[in-house]
Amino acid sequence: MNYLQDELQDLIRFDDSVLEFIRDAPLDGLYYWDLVNPVNDWIDGKLSQSLGFRHKKITDVPTIWRDIIYPEDRKVLESTLDKHLKDDEYPIDMVIRYRHQNGSLVWFSYYGKLIKEESGKPVGVLGVHIDITKFIERENELSIAEEQFRGAFEHSALGMALVSTEGKWLKVNKKICNIVGYSEKELLAKTFQDITHPEDLDADLNQVKQLLDDKIAGYEMEKRYFHKDGHIIWVLLNVSLVRDVNRNPVHFVSQILDITERKRTEEELRQVTDRLALALKGSKIGTWEFDVVNNVLIWDEAMFKIYGVPTDKFTHAYDAWKNTLHPDDLDQAELEVQLAIAGEKEFNTEFRVIWPDNSIHYIKGLALVQRDHKGNPIRMLGTNFDITEEKKLEETQRMMAANESKRKEMEQFAYITSHDLREPLVTIQRYLGGFLEDYGQAIDDDARHYIEASVRASNHMQELIVGLLDYSRLSKEKEIKVVDSNEVLNSVIEDLNALIDSTDAVITAENLPVLKAYPLELKLLFQNLIQNGIKFRRKETIPRIQIQAKQIAGGWQFSFADNGIGIREKDFEKVFTLFRRLHNKSEYEGSGIGLAYVKKIVEIHHGKIWLESSPGKGSTFYFSVLTESL
Ligand code: ADP
């Protein structure tokens with residue numbers, strides 16, 4: 001160092017400007033390059049340290065800089081010196097790279113001063129070094145980052161743009177040009193306000209203001225742009241703001257995702273859901289959603305109606321559903337849910353629920369299970385509808401079928417017995433007749449009365465058996481036809497001529513239809529009801545029978561009203577029972593088969609029979625004929 005000091009002092013003495021130069025130079029290392037005799041080169045310790053030498057070693061071999069200077073730079077240094085020698089205005093000012101002892105490059109800003117003898121002959125160059133390695137590295141990094149950003153910007157799947165704080169597009173990528181349909185040039189001539197839907201502009205500008213005021217770090221919003229050809233595009237916009245070192249806003253960075261398709265699907269879905277909700281509104285079908293993960297059950301309005309639960313009396317939990325289930329159906333219904341969630345079985349089941357008023361209702365439930373990409377259940381979507389009516393109908397049909405087979409059995413029994421009874425009865429009648437003929441004179445009056453009473457009884461028995469046989473034959477060999485019930489009535493009146501005449505009975509009819517029916521059976525039905533109406537008349541009263549018909553759902557309803565003795569309410573059902581009579585034979589003739597017969601005829605017409613009556617005033621028999629189902 002003393003040596004260097006000596007040298008410098010010499011140099012300073014020799015040339016005043018050297019001192020000036022050293023004072024002004026922001027030194028990081030200093031050397032002297034001897035142009036005449038290389039062995040006189042010298043290097044200061046600071047520079048030798050920067051180049052990875054231990055202080056001593058490099059000062060021992062000062063010429064070593066000539067070996068470690070980057071060869072290109074050495075050429076530039078020499079040519080710079082040449083230029084300077086020719087024109088001392090030309091500065092010795094360049095960047096020099098040296099090879100560090102660890103192999104890396106060290107960058108210096110180099111500034112040289114040419115030293116001349118008094119004669120003007122150049123003898124050396126005094127050089128100062130400023131280590132700029134760190135700047136160079138940072139610059140490299142920056143340029144790499146910038147390069148990366150440029151690549152990402154240009155090739156992003158998102159629309160990307162730099163936007164001025166006033167809203168002018170400063171830089172746009174290809175994607176955003178595609179989204180809005182403008183070329184880069186066209187878009188750069190516009191502002192984001194120009195292409196934003198007016199209804200979304202205020203919301204956007206409001207966010208922009210907050211961002212500029214440093215109240216938010218960035219924002220995201222769904223908004224609409226106008227495409228160049230006029231149609232609307234929905235985008236998801238994400239905006240951040242770049243600020244300079246003094247936190248002044250520089251520009252916005254906007255990322256834009258086209259969500260038009262998603263919006264359209266959402267809208268379609270909303271429309272479908274609205275339509276579905278509307279369709280379900282009147283249909284009594286309830287819909288429900290069960291969040292499997294959080295055990296939350298959500299019902300729509302119709303569900304509450306189906307379960308008879310007021311909307312506010314439900315906690316929206318799975319347990320609440322369980323609590324409404326009929327205890328006998330609970331296990332099965334739960335199992336069905338579990339199996340559906342496990343993916344083992346579709347949810348399609350029936351169960352009963354108990355309403356708060358304790359009535360029981362049958363429900364049919366259908367559901368789908370939604371799963372995530374791993375197949376785990378997320379939620380169940382389902383419907384419920386009340387099938388109580390259907391269940392009741394099923395039950396009635398089942399009972400009717402059971403009754404029908406019982407009835408058939410009975411008919412068969414009645415048919416066989418009545419048929420078989422006729423044979424021995426005919427024998428009894430024949431022998432009783434023969435006995436009276438042959439021995440009538442030989443027996444006394446008492447004996448004859450006995451025999452005559454037996455003959456009457458057996459004749460009555462024959463009537464009964466014939467009636468029973470007719471009754472049991474009813475459902476066989478019959479044929480549906482279109483019949484005019486007016487004609488049916490006329491023919492009955494004709495047949496009952498004698499009875500009507502003898503009693504002065506008045507029969508009126510209104511509104512009798514032409515309908516589908518079993519003609520013969522319908523006639524017998526009319527006949528029995530009219531006969532009864534006349535037979536059970538009040539003493540000293542002219543019997544009046546009024547017949548009416550009216551159309552009902554599925555067919556016709558008839559009524560036969562008389563002004564006879566009437567029937568007590570407790571006997572309303574009994575009168576339709578076979579052989580059941582309310583009076584004895586001495587009061588009114590009869591077998592007790594008529595109304596049983598009538599009932600059966602009504603039933604084969606799929607109808608019902610019933611009556612209203614006030615004792616002492618009269619009775620009205622009603623029956624229906626369901627022509628539509630015949
Ligand atoms: P029958 O007429 O042979 O006695 P039905 O089966 O026709 O048998 O009638 C059963 C019973 O119902 C009758 O015995 C009678 O007591 C009562 N009944 C039927 N029709 C009438 C009527 N129009 N008015 C009052 N009672 C009636």
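In listed order, ligands and their atoms are each counted from 1. For the numbers below, each heavy atom of this structure counts, side chains included, while hydrogens, waters and symmetry mates do not.
- With a 4.0 Å heavy-atom cut-off, ligand 1 is reached by the side chain of I567 but not by its N, CA, C or O.
- For atom 11 (C) of ligand 1, the closest non-hydrogen atom on the protein side is R580 O, 3.9 Å.
- Of all atoms in ligand 1, numbered sequentially from 1 with element shown, those under 4.0 Å from a heavy atom of V575 are 6 (O), 10 (C), 12 (O), 17 (C).
- Shortest contact from atom 7 (O) of ligand 1 to any protein heavy atom: N532 ND2, 2.8 Å.
- Of the protein's non-hydrogen atoms, the one nearest atom 16 (O) of ligand 1 is H583 ND1, 2.9 Å.
- Within a 6.0 Å radius of CD in E404, more than 12 heavy atoms belonging to other residues, nucleotides or ligands are found.
- With ring centers used as reference points, Y307 lies 6.0 Å or more from W288.
- Taking every non-hydrogen atom of F621 and a distance limit under 4.0 Å, the qualifying atoms of ligand 1 come out as 20 (N), 23 (N).
- Taking the centre of each ring, F435 and Y439 come in below the 6.0 Å mark.
- Although no hydrogens or angles enter the test, the distance criterion places no donor-acceptor pair under 3.5 Å between the side chain of T196 and the main chain of Y225.
- Of the protein's heavy atoms, R581 NE, 2.7 Å lies nearest to atom 4 (O) of ligand 1.
- Ring geometry, H197 versus F226: the interplanar angle falls under 30°, so the pair is classed parallel (tilted spans 30 to 60°).
- Contact annotation: for V598 versus ligand 1, there are no heavy atoms closer than 4.0 Å.
- Looking only at distances, no side-chain donor or acceptor of D445 sits under 3.5 Å from a matching main-chain atom of R448.
- Taking every heavy atom of S619 and a limit of under 4.0 angstrom, the matching atoms of ligand 1 come to 24 (N).
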Inset, instruction - Could you check R264 against E268 for salt bridge (charged side-chain N to carboxylate O under 4.0 Å, His left out), going step by step and ending with a plain yes or no? - result: CA-CA 6 Å; R264 199 178 56 77; E268 273 175 14; 2.6 Å; yes
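- Contacts with ligand 1 closer than 4.0 Å are made by side-chain heavy atoms of K535 only, the backbone lying farther away.
- When only non-hydrogen protein atoms are considered, atom 15 (C) of ligand 1 lies nearest to F536 CZ, 3.2 Å.
- Remark: minimum distance from atom 23 (N) of ligand 1 to any protein heavy atom is reached at D562 OD2, 2.8 Å.
- Of the listed options G592, A596, G594, G592 places a heavy atom closest to atom 3 (O) of ligand 1.
- Aromatic ring pairs are classed by plane angle as parallel below 30°, tilted from 30° to 60° and perpendicular above 60°; the pair F351 and W321 is perpendicular.
- Within the 4.0 Å heavy-atom criterion, neither part of L529 lies near ligand 1.
- Applying the 4.0 Å criterion to heavy atoms of G566 picks out, from ligand 1, the atoms 25 (C).
- In this structure, H605 has its ring center under 6.0 Å from that of Y518.
- Residue contact check: I565 has heavy atoms under 4.0 Å from atoms 25 (C) of ligand 1.
- Between E395 and K392 no salt bridge is recorded (no basic side-chain N to carboxylate O distance below 4.0 Å).
- Nearest non-hydrogen protein atom to atom 6 (O) of ligand 1 is L595 N, 2.7 Å.
- Inspection of the Q271 and E267 side chains reveals an N or O donor paired with an N or O acceptor under 3.5 Å.
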